[in-house]
Amino acid sequence: MLAEDFIRQEAFINGCWVYSHDKKTFPVTNPATGVLLSEVACCDVKELAFAIKSAQAAQHLWSQKTAYERADTLLEIYYKLIERQDPLAKLLTQEQGKPLAEAKGEILFAASFFRWFAEEARRSYGEVIPTTKTDCRYITVKKPIGVCAAITPWNFPIGMLARKIAPALAAGCSIIVKPAEQTPLTALAFAQIIDDLKIMPGLVNIVTTDAETAPIIGEKLCVSPEIRLISFTGSTNVGKGLYRHSAENVKKLALELGGNAPFLVFEDADIPIAVQGLINSRFRNAGQTCVSANRIFVHQTIHDAFVETLVTAIKQQLKLGNGLEAGITMGPLIDQQAVEKVKSLVEDALQKGATLASDKKVFNSATGLFYPPIVLTGITPAMKIHDEEIFGPVISIIEFSNEEAVIAQANDTQSGLAAYAYTKDIKRISRLSDQLEYGMVGINYSALSTAEIPFGGVKESGLGREGGRQGLEEYQEIQYLCLGV
Ligand code: ADP
């Protein structure tokens, strides 16, 4: 099948392809070319109400399936994703912009969650707790939390979707997903898999909306008592709003919010390994990832050597362009707003004395959404880029000389998602693990995310963990059963 075969217009609710009641649609375009890919159904609260009703009915039936049956369904989805990896990757590149190799990586990443949670579903054990009395037994059982909702972002349109749908299904929950307005097509292509496999209607619902309707749908999800969990990946502000709205009915929230990852390169670091780790982390998805290395602290004794190696590696490795073309390693940013944000951070830094250490080749395109990979040095606290999340292909380097001070600087943020450090000193590694206030720490390694690990942050970076054994527990409640004997 071709990528084009998976392009849809309708949302997917109760196992049916549906338009919104007023036939309203919104456009989805290719950020590299500006070409219109599809007009997609703009659902509102009417369609959401239908999705909630369907999900409730499916939840009731699905929760009665054995873990073995649920695992089988997850594996079927896994194999379908593997089978369709090429057309799905092409579609993902078209709507999101990332290079084809990265898009393929994301499809496999998405598939891996179905495999992992199929396996976890069968190993989700309760406990028998030793009692203080002889006339009863204490038992805990894990139960599905109920109907779930997911709101997903555009930077990993299918990765984030899979990270939420797979554990929900494994736990025995149904789910309603609202994908990002920029990238609903990959989500609908996923729905095609659910449809083709004839999976229970209402178990997975994809409710598409435009940007204007997203807050209305979000609020409705928060105040609907039928929804027991909302899993959200996106900006900190939107996450906080969902948290506030959900307080009324004490809904559980799983939040993956913004990051502001420090990347510490100590004087004893292996420079080529640190440079490669930084390139992989910063330029993947053109820097549009929440775990991307954002504040780069380099020890003053190796600063110049590090920058020289980095600038050479960027020249050799990064080629900007349409992600569907061979040899392209970096695509466009998602939209004009993203480009403007990066531009203003860079201009502010340059005005306040930062140095552009690399070339900055202008890349002309139909959409104007391409921003070249660059390196800035001499970053000071007066510059906005010193503290803000960049979400673009810019490396901003801050020199440091003292370990204690740099750890304090690394922690000086309300974000706490991921941190990275490069050093060979085992005692320092232990100090870093103790002192870095982050949910995830990469030491001499920058590719953190896989299905097996608990992904998530502390402080304002979020609540809960996705993936790993813990990722299943997010979708479960514990029931304590006191059994008189
Ligand atoms: P970004 O700024 O990276 O696009 P957002 O937090 O705005 O991040 O978007 C992430 C997801 O949240 C998208 O699916 C978007 O449509 C959705 N969204 C945006 N605003 C709201 C809102 N107020 N309530 C619920 N969902 C929202």
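One-based numbering, in listed order, for ligands and for the atoms of each.
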query: Tell me: protein heavy atom nearest atom 4 (O) of ligand 1, and distance?
result: W154 NE1, 3.0 Å

query: If you look at every heavy atom in L188 and A11, which pair is closest and at what distance?
result: CD2-CA, 4.1 Å

task: Output yes when a protein non-hydrogen atom is found under 4.0 Å of atom 20 (N) of ligand 1, and no otherwise.
output: yes

message: Less than 4.0 angstrom from a charged side-chain N to a carboxylate O is my criterion; do D86 and K90 meet it?
response: no

query: When you measure from atom 15 (C) of ligand 1 to every protein heavy atom, which one gives the shortest distance, and what is it?
result: E181 OE1, 3.6 Å

- prompt: Can the positive tip of K98 be found less than 6.0 Å from the middle of the six-membered ring of F156, inside 45° of the ring normal?
  reply: yes

message: I want to know whether F190 and F114 have ring centres closer than 6.0 Å.
response: yes

For atom 6 (O) of ligand 1, the protein heavy atom that lies nearest, with its residue and separation: S235 OG, 2.6 Å

query: Which word best sums up how the rings of F113 and F117 line up, parallel for under 30°, tilted for 30 to 60°, or perpendicular for over 60°?
result: parallel

- prompt: Considering only the protein, which heavy-atom contact is closest to atom 18 (N) of ligand 1, and what is its distance?
  reply: A214 CB, 3.9 Å

query: Taking the six-membered ring for Trp, are F363 and F370 parallel (under 30°), tilted (30 to 60°) or perpendicular (over 60°)?
result: tilted

message: Would you say the rings of Y445 and Y420 are close, in the sense that their centroids are separated by under 6.0 Å?
response: no

- line: for atom 27 (C) of ligand 1, nearest protein heavy atom and its distance come out as V238 CG1, 3.6 Å

task: Give the residue, atom name and distance (to 0.1 Å) of the protein heavy atom nearest atom 24 (N) of ligand 1.
output: P215 CA, 3.5 Å

message: K178 versus ligand 1: do any nitrogen or oxygen atoms come within less than 3.5 Å of each other?
response: yes

- prompt: Do any heavy atoms of F391 fall under 4.0 Å from ligand 1?
  reply: no

- request: Name the closest protein heavy atom to atom 13 (C) of ligand 1, giving the residue it belongs to and the distance to 0.1 Å.
  value: T152 O, 3.4 Å

query: Does NZ or CZ of R84 fall inside the cone over F6's six-membered ring, less than 6.0 Å from its centre and within 45° of the axis?
result: no

task: Starting from atom 17 (C) of ligand 1, locate the nearest protein heavy atom and write down its residue, its atom name and how far away it is, to 0.1 Å.
output: I151 CG2, 3.7 Å

